[in-house]
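What follows is a single structure, written as structure tokens, with notes after it.
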Amino acid sequence: MCDEEIYRPTERFCSPLMKTTKKTTKEERERERERERELSMTGYEEDIMEWFDGIAANAGQTQRETLRRILETNHGVEYLKRWIGDQGDELRNMDSEAIESLFTSLVPLSSHADVEPYIQRIADGDSSPILTQQPITMLSLSSGTTEGRPKYVPFTRHSSRTTLDIFKLAAAYRSRIYPIRAGGRILEFIYSSKQFKTKGGLTVGTATTHYFASEEFKSKQKSTKSFTCSPPEVVSSGDYKQTTYCHLLLGLIHWEQVEFVTSTFAYSIVHALSALEDLWEELCEDIREGKLSPTRVTEASMRKAVLEELKPNPSLASRMEKGCEELKRSNWLATVPKLWPNAKYVYSILTGSMQAYLKKLRHYSGELPLVSADYGSTESWIGVNLDPTSPPEEVTFTVIPTFSYFEFIPLKKTSTTFTTVEQLVAHDFIEAEPLPISRVKVGEQYEVVLTTFTGLYRQRLGDVVEVSGFYKGTPQLNFICRRKLILAVNIDKSTEKDLQLVVEKGSQVLSRSKAELVDFTSHANVVEHPGHYIIYWEIKGEVEESVLGECCREMDLSFLDHGYVLSRKCNSIGPLELRVVDRGTFKKILDYYIENGAAMSQYKMPRCTTNQVLLRILDACTVKRFLSTAYKSAS
Ligand code: AMP
């Protein structure tokens, strides 16, 4: 294999057709799709799986070569010079093991805050080689919902190429188990954010926005043999409500061809299908008359593109109306297979903070398999799901050793007592020296560190993962949680995952009534003494107060962290508080984030927050409060 082939799958299946992005008519698009259908029959699956097996078998060496390549590509940039100095010149003559040890001994671990000043200079127009040799022309806005504010991350052609590679690799594994008809459609609930320019003229948008606008996105449709239902104008409108309406409308129109339903994160599918519950009558009316609601969709280019696809279709409208009436009677159970009977599966990120939407997604999907999508971040893709049949609760992500250079900081939970929240967050785990991919151990937890082709060096990602095994020589990871998302009042440390399990227990009690949990978040109140956890719930349906009281108690008892249990027993942490918020509160929070630059495609509701704006929204919308009666004898 030549050097380039090791790093990217071979050109036979990765070279995109270099097409212009000019607007096309419906006929031109149909012709293009036909041509792409023919071109797609090249059997890329086996080649890409073979490529992956090769790099996975040799993961340790592939990683060292990846590091060498990154350092050669970005040799002499300001950031590296600062740490490596003149020794950078010697790298060329060193073997890859020596490069790895020089790099990890001289370049320190970094956080986003450490590189922010460098990225700001790039954003302001400094095109000197600061982080990368090739000038950076695009910046991605990571969703920021996890840390409170969006951050800029460099985006290059490498970013969209690796996105294409991982999508094709995952599609190859999926199609072995769930083959789809070539030339079919995908009902994709995808959304671009608005792009804007920085002072220095760089284009800023979320990573998914850049990807949806790239040649690679078009090439993916071709090589994975599936075409999105909506034209690009719908994806890029920047108004998620209008886009959702059009995705639904076009999804219903192309109902027979839809092979699977997907989104980046599961939230978007749940959001869209719950919008369908309110919009179906208007959608059917539009299908009947071949029109597009002027109140639901106002954006001109999107209207034009969608109207081109519409013509009056009374028989389809009646069919859909009948289907939706039946679905309404059954509380929208199995919406996906009933409206899209040829769909083979539902595909999205279902892990981490998305687990909260699994129950609802299962409800909408009926018997259809839910397939977990891959693990990555704005900074870099990390791991691919090689087993589409594994349930979301058990899915593992197999690290792709050519995408970035990965390190893993070993983490152990601490039992030290701290007096401030800041100390707690900083010392949530005891850390050991970062390990390369070849030295991680099954059953251990780690924080992921990335060195990327896009100019990030030893940057902590803030995600906690657990190694569950190896595929050939490359580790397979379970996503555990975001490291900083942690509830802590005293000596307790409850992670996002703990909270998820607790809320599941609480909502099992809730399901005894006719109500269901729509969404949730939490906050550690350390202002009052003793401090206590607050969990905010939005509920759909009627529920008696006594049931909610029981939910609250059940959640309090379900936090199993030793520090929490001890503190609750001696009342140094007060009773857990359940606050029920008005219907629509979590949509208000979504709107707040979207207004501040987040994109629907990458939206993740923070499961634990200290953000004052959010807390004000939540508190203003609180309609009921309950205090746990657990550990009563202790207080
Ligand atoms: P962003 O860069 O804002 O899109 O967010 C990236 C973050 O989303 C990662 O660091 C993870 O915390 C989370 N994430 C991405 N993919 C997954 C996945 N498959 N499972 C769980 N969490 C994920």
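Every number for a ligand or one of its atoms is a count from 1 in the order of the listing.
The aromatic ring centroids of Phe167 and Tyr211 lie less than 6.0 Å from each other. The ring of Tyr533 has its center no closer than 6.0 angstrom to the ring center of His523. Ring to ring, Tyr603 and Phe265 are not that close: their centroids are 6.0 angstrom or more apart.
Side-chain N or O atoms of Gln242 include none that pairs as donor or acceptor with a backbone N or O of Ser237 at under 3.5 Å. Between the side chain of Arg174 and the main chain of Pro388, no donor-acceptor pair closer than 3.5 Å is present.
No cation-pi contact links Lys472 to Phe470, judged by a cut-off of 6.0 Å to the six-membered ring centre and 45° from its axis.
The N/O atoms of Glu379, backbone and side chain alike, include none that comes under 3.5 Å of an N/O atom in ligand 1. On a distance-only criterion, Asp463 and ligand 1 share at least one N/O pair closer than 3.5 Å.
The aromatic rings of Tyr375 and Phe397 sit tilted, their planes meeting at an angle between 30° and 60°.
Interface atoms of ligand 1 facing Gly352, defined by a heavy-atom separation under 4.0 Å, are 21 (C). Set against the non-hydrogen atoms of Phe397, the atoms of ligand 1 under 4.0 Å away are 19 (N). Listed by number with element, the atoms of ligand 1 under 4.0 Å from a non-hydrogen atom of Ser377 are 2 (O), 6 (C), 10 (O).
The part of Asp374 lying near ligand 1 is the backbone, judged by heavy-atom distances below 4.0 Å. The proximity of Ile349 to ligand 1, defined as any non-hydrogen pair under 4.0 Å, is limited to the side chain. By the criterion of a heavy-atom distance under 4.0 Å, the side chain of Phe479, and not its backbone, is placed next to ligand 1. By the criterion of a heavy-atom distance under 4.0 Å, the side chain of Lys604, and not its backbone, is placed next to ligand 1.
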